[in-house]
Amino acid sequence: MADQNDDNLHAMRHSLAHIMATAIQRLWPGVKFGVGPVVENGFYYDVDLGPDAKISEDDFEKIEAEMAEVIKDNVPFERFEKPVDEAIAWAQEAEQPYKEELLNDLKRAGTTVAKDLDAAELGTITESASAVENVSFYKDGDFTDLCRGPHVESTGQVGAFKLMRIAGAYWRGNEKNAQMQRIYGVAFATDKDLRVYLNMLEEARKRDHRKLGQELDLFVISDLVGSGLPMFTPRGTVLRDEVAAFSNELRQRHGFQKVWTPHITKKDLYETSGHWDKFKDQLFLVTSQETSDELVMKPMNCPHHTRIYASQPRSYRDLPIRYLETTTDYRDEKTGELGGLNRVRALTQDDSHVFCRQDQIEQEINNLLASASELYAVVGMDLRVRLSYRDDSDAYLGSQELWASSQAQLKQAVVANELKYFEEEGEAAFYGPKIDFMVTDAIGREFQVATVQLDFVQPDRFGLEFAAEDGSQSQPVMIHCALLGSIERFLSVYIEHTAGKFPVWVAPEQVRLISVNQEDATVEFAGKLEALAKDKGLRISVDNSNESVGKKIRAAEVAKVPYTVVVGEKEIGGGELTPRIRGDLAVQEPAKSYTADELFGTIANEAKMRVSKTSL
RNA sequence: GCCACCUUAGCUCAGUUGGUUAGAGCAUCAGUUUUGUAAACUGAGGGUCGUCGGUUCGAAUCCGACAGGUGGCUCCA
């Protein structure tokens, strides 16, 4: 039943794309159409009004009103077919050059090609893929479109919708092509479903990491420093340090050793690795004022690490050699690609590289996958694993055979570890395939966090070797891995995931003491408790301000401090403390009292164990 | 980089069709108060309305450029 509903919703959304096109054609005659597929929660249509006209969001009211007319008329969606050549003639006649291009592709290749997510959308082959004879069309009133369908029966049957936003989109996803205007709408079967969805978006905005970053005083961005260059406050720096420490700890358990490399290097390093060729437009360049040296801010760390490996002759007995470095890399990202902490120009990676023998690959990958699974279980985030393969473009280094076997090895590792996965071509690094851990943010956008990458190319280009058992020189394999990925990006997702309610082990402020009054005895007592908690390694603060207890409690709640303890005469007399526990941590029991030693000891232990619920 | 939109105190926002010294709440500071689990009272300071240029007798308001931001597209080692 659910399937049938999904199919019906899909048909509604697709039909709404046509209805929107119908409306736009009435409002802007002569508009050229691109494609108009269904996407998650709705639909879009790409349109080109020519050089002199642009749709803006102010036009939505007008378009929606026109769409309402089409819906009210309740005209049928009529399907019909034409031979390809007649269809091409139709496109020429109708002055729809984009449709004509699609039809020509269909005729020539039997498909509208490639990477386009909407291959299915673009019109269809009614016979077999090799013999394109007829293509199907749908017509609703005065609008006719090349389309595979299916649609609802008539324009009246489309549920609830709302136009959301407008964006530029390159024709067929290629930067070199004309840019069209993409108009997005959301659509649901009922008004209620639509309201629920819009409400969810509203809620998601409240937990946006940029908003929480400001409210909880975690990071700041300054125009004087520049865009994409966030700075972390004392509180935000606690988050960075805690998650990085966890990530390091997981790998140090598996024999990784910390290394350190400088942040600038001669560009020769990247010419050798192959990065210069591929990424030279996105490197920050630095010039020495004394010598003629042209230096590069490091955009990644693997080439540096190969230099440490290569600094000594290595024996098969030394392998695997495992390096770990949490360090900041610099990439000159295009301005339009920057956003919050997701995409920055100074990104900190918890980077690591294994140099190992062929027969050690499996074990090493298993260790890394186990570490990734453990980390994401502790932070409570559900991940999808993407196997990122190459496509048949020439953007990759290394032989086809090597690629085929390393892709197979990664898949085998993922299957053996029973991870939920999907495969995608064209997502690999230029030097090798990847296992990418994907996570979804508050409004449903998917980001890569952890990654494990197999690399035969850089060992070759850097001429890495080790002495094998038989005394011959052999080439090691590199396995790149970051568990958090970019710490900035990880935090952006983690802040949204927790809505700022960090578990004790990451909470910037774990305990806050609130004094009932400002009398000497109270202040002194609070000071003693603070010192005791600090001895146990807790991050604690005291609020002695001249405000009502209620107001100070509220301030602690707003700051999402896990444990708040009010101290006054009662505590000074009895010695026992009653913590106020943040809602998400508490198990459903009435508040209990503890000695200071017990209370702080338990909290310190929870932090150490990285638990997500309190035992208090 | 491209497309659309946005930018008023530290924060969240008002500011009618361009018309005297640009407002509020929170936050900050001062005074009163000495507080018992989500906001005590009174007062004060704080803004060249993102920047620069233009139109106008007059610009927060209209136009342009630039910067920064948001949502997409492209890219992501």
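A note on names: the letters A, B, ... follow the listed sequences, proteins ahead of strands, and every chain is numbered from 1. The model shown is predicted, which means the values in this text are computed figures rather than measured ones.
For R343(A) against rC75(B), a side-chain N or O and a base N or O form a donor-acceptor pair under 3.5 Å. No hydrogens or angles were tested; on distance alone, nothing pairs the side chain of R182(A) with the base of rC3(B) as donor and acceptor under 3.5 Å. In this model, a side-chain donor or acceptor of E337(A) finds a partner on the base of rU74(B) within 3.5 Å.
In summary, the aromatic rings of Y396(A) and F430(A) are positioned with their centroids too far apart to meet the 6.0 Å limit.
The nucleotide rA44(B) finds its pairing partner in rU28(B), both defining distances of the Watson-Crick or G-U wobble pair being shorter than 3.5 Å. Partner assigned to rG64(B) is rC52(B), using Watson-Crick or G-U wobble distances below 3.5 angstrom.
Nearest to the side chain of R554(A), among rC73(B), rA38(B), rA27(B), sits rA38(B). When the nucleotides rU37(B), rG1(B), rA77(B) are ranked by their closest atom to the side chain of Y170(A), rG1(B) comes out on top. Residue E571(A) places its side chain closer to rG36(B) than to any other of rG36(B), rG69(B), rA39(B). If you check rA4(B), rA40(B), rG36(B) against the side chain of S548(A), the one that comes closest is rA40(B).
G568(A) comes within 4.0 angstrom of a base, heavy atoms only. Residue-level contact check: K570(A) touches the bases, meaning some heavy atom is under 4.0 Å from a base atom.
Spacing of C1' atoms, rA24(B) relative to rC63(B), comes out at 31 Å, to the nearest Å.
When only modelled atom types and interatomic distance are considered, Q458(A) and D455(A) share a side-chain donor-acceptor pair under 3.5 Å.
Whole-Å rounding puts the F219(A) CZ to rG10(B) P distance at 19 Å. Protein atom CG of L269(A) is 13 Å distant from nucleotide atom C1' of rA77(B), rounded to whole Å. rC6(B) atom P lies 13 Å from atom CD1 of I166(A), rounded to whole Å.
You can call F279(A) stacked on the base of rA77(B); the centres are under 5.5 Å apart and the planes sit within 30°.
Between R580(A) and rA38(B), a side-chain N or O to OP1/OP2 separation shorter than 4.0 Å is present.
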